[in-house]
Amino acid sequence: MSIGRVTQRMLTDGSLDNLQRGLGRLARIQEQLSTGRVINRPSDNPTGTTAAMRLRGSLADQAQYSRNAQDGLGWLTQVDAALDSVTGTVKRARDLALQGANASAAGPVAREALAIEVEGLRAELLSRANTTYLDSPVFGGVTAGPVAYDATGAYVGTLGDVNRRIADGVVVKVDVDGPDAFGDGATSVFAELDALATALRAGDQAGISAGINVLNARIETVTAARTAAGTRFQRLEQADLAAADARISLENQLSTIENADLAETTVDLKLQEVAYQAALAATSRVMQPSLLDFLR
Amino acid sequence: MPGSFGSITSALSALRYQQVALDVAGNNIANATTDGYVRRRVVGEAVSSAAPALWSRYDGHGEGVAVGEVRRMVDPLLDTRVRREHGMLSWLTSSQEVLARVEEGIGEPGENGVHAALLAFRNSWQDLATNPGGDAARQQVLGSAETLAQALRLQVANVAGEEADQRVRLNNVVAEVNTAAAGLAQLNQSILVTEQNGTDAGVLRDQRDQLALRLAELAGAVTTVRADGQYDVTVGGEALVSGREAGAFVVASGVTPAGDADGLPITFRVDASWGSTVLPSGAAGAGGELGGVTDVLTTALPSYRTGLDAIAADLASALNAQHALGYDAAGAAGGPFFSYDPLVGAASLQVAITDPALVAASSVTGGGRDGANADALSRAGDAADAYQRLVNGFGTTVASLQRQSANQAALTGSLDDAREQQAGVNLDEETVNMVTAQRAYEAAARLMTTLDEVLDTLINRTGVVGR
């Protein structure tokens with residue numbers, strides 16, 4: 001723009017405009033510094049806003065996946081502990097059966113004692129099979145009831161997967177179906193122990209050795225169920241770690257997009273302050289003189 | 001030969017002229033900061049009767065000076081451009097201010113907006129999926145659903161409130177347009193009469209230019225100058241002021257006098273003695289502040305509101321459909337989760353369930369502790385994506401308006417500068433004019449004294465030889 005003629009009003013208006021602009025820039029940087037964010041409203045950076053919202057969505061998801069995995073780990077820990085002690089109990093029962101087979105001549109009193117101990121083990125197993133996590137029986141599927149097996153050894157749970165979503169599109173089963181480990185009704189470990197106790201009492205050698213075979217098979221079954229649960233436990237742990245890692249990296253990205261770089265913003269602020277002061281000084285000089293100062 | 005007193009008359013004319021020059025300089029200085037004041041300049045004319053009568057001869061050397069005119073230093077072409085760009089600027093700033101205000105209410109990206117509520121709602125379903133037996137998790141789902149519905153309703157209420165405010169503003173602007181148009185027509189008449197009397201109508205012309213500029217800012221009015229100097233004003237191609245007569249500018253449809261929406265598109269009409277015409281709509285219609293307000297009321301605000309409505313509708317239908325596939329704590333099939341009235345929009349979004357036991361988290365009948373449906377519900381619909389798109393679109397609109405209005409402000413500023421160069425008062429210049437006039441006045445007075453002495457010599461000292 002070529003300036004032909006300059007008037008006082010042009011100078012004052014122009015200076016005022018420039019001062020206002022300088023103040024506006026200062027206010028903007030002040031806002032960034034005081035909120036610590038470069039995006040304070042969508043129009044500050046529409047693309048950045050969308051990215052920030054997406055990242056916030058992913059962050060919330062990962063936090064939830066982490067929580068889900070933790071909860072799943074709780075379930076599987078309980079399952080693992082229960083199955084561990086079940087294995088021990090069944091082994092003990094098998095040992096008793098072996099003892100009964102060898103000591104068949106020991107007389108009814110000794111056999112009776114063995115039978116009573118087997119019955120005790122059965123009761124212990126029943127309580128293991130009804131282990132709960134947060135009031136839900138872990139071998140009971142999705143049952144709303146308090147137990148997975150009733151006193152007769154019949155399965156009273158509701159078969160159904162208890163799943164936890166631990167990543168996008170990844171769902172993991174965190175329980176073990178009771179019948180997979182303990183069997184059901186006539187084929188359950190409880191019926192097997194009942195049969196063993198009966199055989200011990202009666203001194204039925206064939207029954208006892210059949211019981212030993214059945215219990216060996218049972219140990220295999222329980223161990224297989226435990227191994228499967230252990231694999232899932234590992235998956236959950238990995239997912240939990242992955243979710244935690246993802247959160248850190250997402251938070252970093254979010255901060256890069258949303259947050260103000262403190263050093264840069266502070267330098268900017270200083271720069272704008274200097275510019276503003278210069279504008280003020282220039283204004284005060286421009287406004288001062290007029291021809292009247294020099295005419296006498 | 002000029003008469004003996006001819007030069008005295010010249011001196012007198014000079015004294016009078018310099019007096020006027022001082023007056024004008026004084027007036028310019030007095031009005032140096034008056035808005036809309038255009039500096040005046042005295043244009044002197046040398047007086048001479050150098051066109052003598054037939055068969056006679058003029059041997060004078062001029063008979064002094066007279067005031068030719070007191071000129072207002074305006075450039076009509078520049079004024080036209082100034083008005084046009086001011087109209088555009090006021091369009092952009094008024095719409096930008098409105099949208100920026102709405103944008104502040106959106107609160108994204110942040111922890112208190114609709115998006116955060118959507119995420120919390122999603123996660124509360126996941127929490128319920130991990131703990132389907134707990135009453136607390138069910139209660140939490142209902143609580144976060146209520147928060148989400150409230151956040152959506154609040155945002156819709158913000159937009160609707162802004163729309164109501166802008167409708168009232170529209171009526172106010174229309175009233176101001178009418179006042180300005182009537183004032184301008186009145187001034188057209190006054191200026192014509194005053195100038196026919198031979199009186200200086202500069203002040204009235206200043207006022208009229210200001211009103212023309214105001215009309216451009218208010219309604220994007222275009223002013224044309226008639227051959228006789230009167231201003232004709234058109235808005236959207238339709239005459240609003242013609243000579244001394246102004247039409248009535250009214251809202252034809254869209255907004256009632258009370259400021260309510262009547263459901264029709266917003267249009268304007270000019271009622272005048274030369275007929276009643278409805279203005280075209282859109283960019284061809286009213287401009288300026290009126291155009292900006294009409295624009296946000298017609299496009300930006302309603303489209304954002306319908307975007308929110310669509311999100312609420314999708315949310316309600318997706319959640320309700322998935323909820324119906326599940327079973328509540330008692331094993332009964334799930335009822336509607338959200339209630340939504342498509343005729344009212346997002347403002348009607350409510351949580352339809354109050355009893356936590358009725359939340360259908362389970363995918364199996366018989367009241368099992370299953371959370372599969374809660375998991376599915378946490379993934380139902382794509383409200384978060386739709387909302388992100390909506391916010392992005394709105395933010396882009398506001399950002400682009402901000403850029404446009406900053407550019408337009410720079411352009412308008414440079415035009416204002418150009419106008420100020422032409423019409424503004426420079427104090428140094430006026431001081432110089434003042435000093436010049438003062439010196440010329442002194443010289444004319446000295447001429448008078450000199451002539452007096454010459455005549456004195458002629459009258460009192462001539463023919464006194466030997467006395």
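Taking B:N123, B:L118, B:T431, B:L99 one by one and counting their heavy-atom pairs under 4.5 Å with chain A, the maximum is reached by B:N123. Between chain A and the options B:G110, B:G134, B:G133, the largest number of non-hydrogen pairs under 4.5 Å is found for B:G110. For chain B, the option among A:L59, A:D61, A:L11 with the highest count of heavy-atom pairs below 4.5 Å is A:D61. Considering only heavy-atom pairs separated by less than 4.5 Å from chain A, the leading option among B:T397, B:N131, B:T396, B:V432 is B:T396. Here B:P109 is the residue among B:G424, B:P109, B:A399 with the most heavy-atom pairs under 4.5 Å with chain A. Of the residues considered (B:R389, B:R39, B:E111), B:R39 shows the highest number of contacts with chain A, using heavy-atom pairs under 4.5 Å. The candidate with the highest count of non-hydrogen atom pairs below 4.5 Å against chain A, out of B:D375, B:V398, B:T33, is B:D375.
Looking at B:Q422, only its backbone comes within 4.5 Å of chain A, counting heavy atoms on both sides. With a threshold of 4.5 angstrom between heavy atoms, B:V425 approaches chain A through N, CA, C or O but not through any side-chain atom. Only the backbone of A:D161 comes within contact range of chain B, judged by heavy atoms closer than 4.5 Å. Using a 4.5 Å cut-off between heavy atoms, B:V435 contacts chain A through its side chain alone, with no backbone atom that close. Heavy atoms closer than 4.5 Å to chain B are found nowhere in A:T12, neither backbone nor side chain. Contacts of B:A129 with chain A are made by backbone atoms alone, with heavy-atom separations under 4.5 Å and no side-chain atom involved. Contacts between A:R37 and chain B at a heavy-atom distance below 4.5 Å involve the side chain alone, from C-beta outward. Proximity to chain A (any heavy atom under 4.5 Å) is shown, for B:D416, by neither the backbone nor the side chain. Within the 4.5 angstrom heavy-atom criterion, atoms from both the backbone and the side chain of A:R9 approach chain B. For A:S136, the parts lying under 4.5 angstrom from a heavy atom of chain B are both the backbone and the side chain.
No option in A:L134, A:T143, A:D135 other than A:D135 meets the side-chain contact (heavy atoms from CB on, under 4.5 Å) test with B:R369.
In this structure, the side chain of B:N392 does not engage the main chain of A:T50 through any donor-acceptor pair within 3.5 Å. Side-chain N or O atoms of A:Q8 include one that pairs as donor or acceptor with a backbone N or O of B:L427 at under 3.5 Å. Between the side chain of A:N163 and the backbone N or O of B:A372, no donor-acceptor pair lies under 3.5 Å.
Note: A:R5 CZ to B:E429 CD = 4.0 Å, rounded to the nearest 0.5 Å. Put simply, CG on B:D428 and OG1 on A:T7 are 10.5 Å apart, with the number rounded to the nearest 0.5 Å. Atom CD of residue B:E104 and atom OG of residue A:S43 lie 8.0 Å apart, to the nearest 0.5 angstrom. Going from atom OG1 of A:T158 over to atom CG of B:D370 covers 10.0 Å, rounded to the nearest 0.5 Å.
For the pair A:P42 and B:G395, the tightest heavy-atom approach, listed with the atom from each and the gap, is CB-CA, 3.8 Å. Annotation for B:R122 and A:G57: closest pair NH2-O, 3.7 Å, computed over non-hydrogen atoms. Residues B:L119 and A:R56 come closest through the heavy atom pair CD1-O, 3.5 Å. For the residue pair B:V364 and A:V142, the shortest heavy atom distance occurs at CG2-CG2, 4.2 Å.
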**Report entry** Test log, rule side-chain contact (heavy atoms from CB on, under 4.5 Å), inputs B:Q126 and A:N68
**Finding:** CA-CA 8 Å; B:Q126 280 286 328; A:N68 290 355; 2.6 Å; yes
Query raised in the report: Are B:I106 and A:R41 close enough, and set up right, to give a side-chain contact (heavy atoms from CB on, under 4.5 Å), and what steps lead you there?
Result: CA-CA 8 Å; B:I106 293 179; A:R41 55 192 70 74; over 6 Å; no
Requested in this report: Any chance you could lay out the side-chain contact (heavy atoms from CB on, under 4.5 Å) test for A:T49 and B:Q388, step after step, and finish with the verdict?
Outcome: CA-CA 8 Å; A:T49 304; B:Q388 281 165 17; over 6 Å; no
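By the neighbour-count criterion of 12 heavy atoms within 6.0 Å, atom CG of A:L280 is densely surrounded, having more than that number from other residues, nucleotides or ligands. Enclosure of atom CD in B:E442 by more than 12 non-hydrogen atoms of other residues, nucleotides or ligands within 6.0 angstrom is indicated. Atom CZ of A:R235 has 12 or fewer neighbouring heavy atoms from other residues, nucleotides or ligands inside a 6.0 Å radius. In the displayed structure, A:Q234 atom CD is contacted under 6.0 Å by at most 12 heavy atoms of other residues, nucleotides or ligands. Around CZ of B:R101, the count of heavy atoms belonging to other residues, nucleotides or ligands within 6.0 Å exceeds 12.
Taking the side chain as every heavy atom from C-beta outward, A:R67 and B:D127 approach each other to under 4.5 Å. Taking the side chain as every heavy atom from C-beta outward, B:E108 and A:I39 never approach each other to under 4.5 Å. Using a 4.5 Å heavy-atom cutoff, the side chains of A:M53 and B:V391 are in contact.
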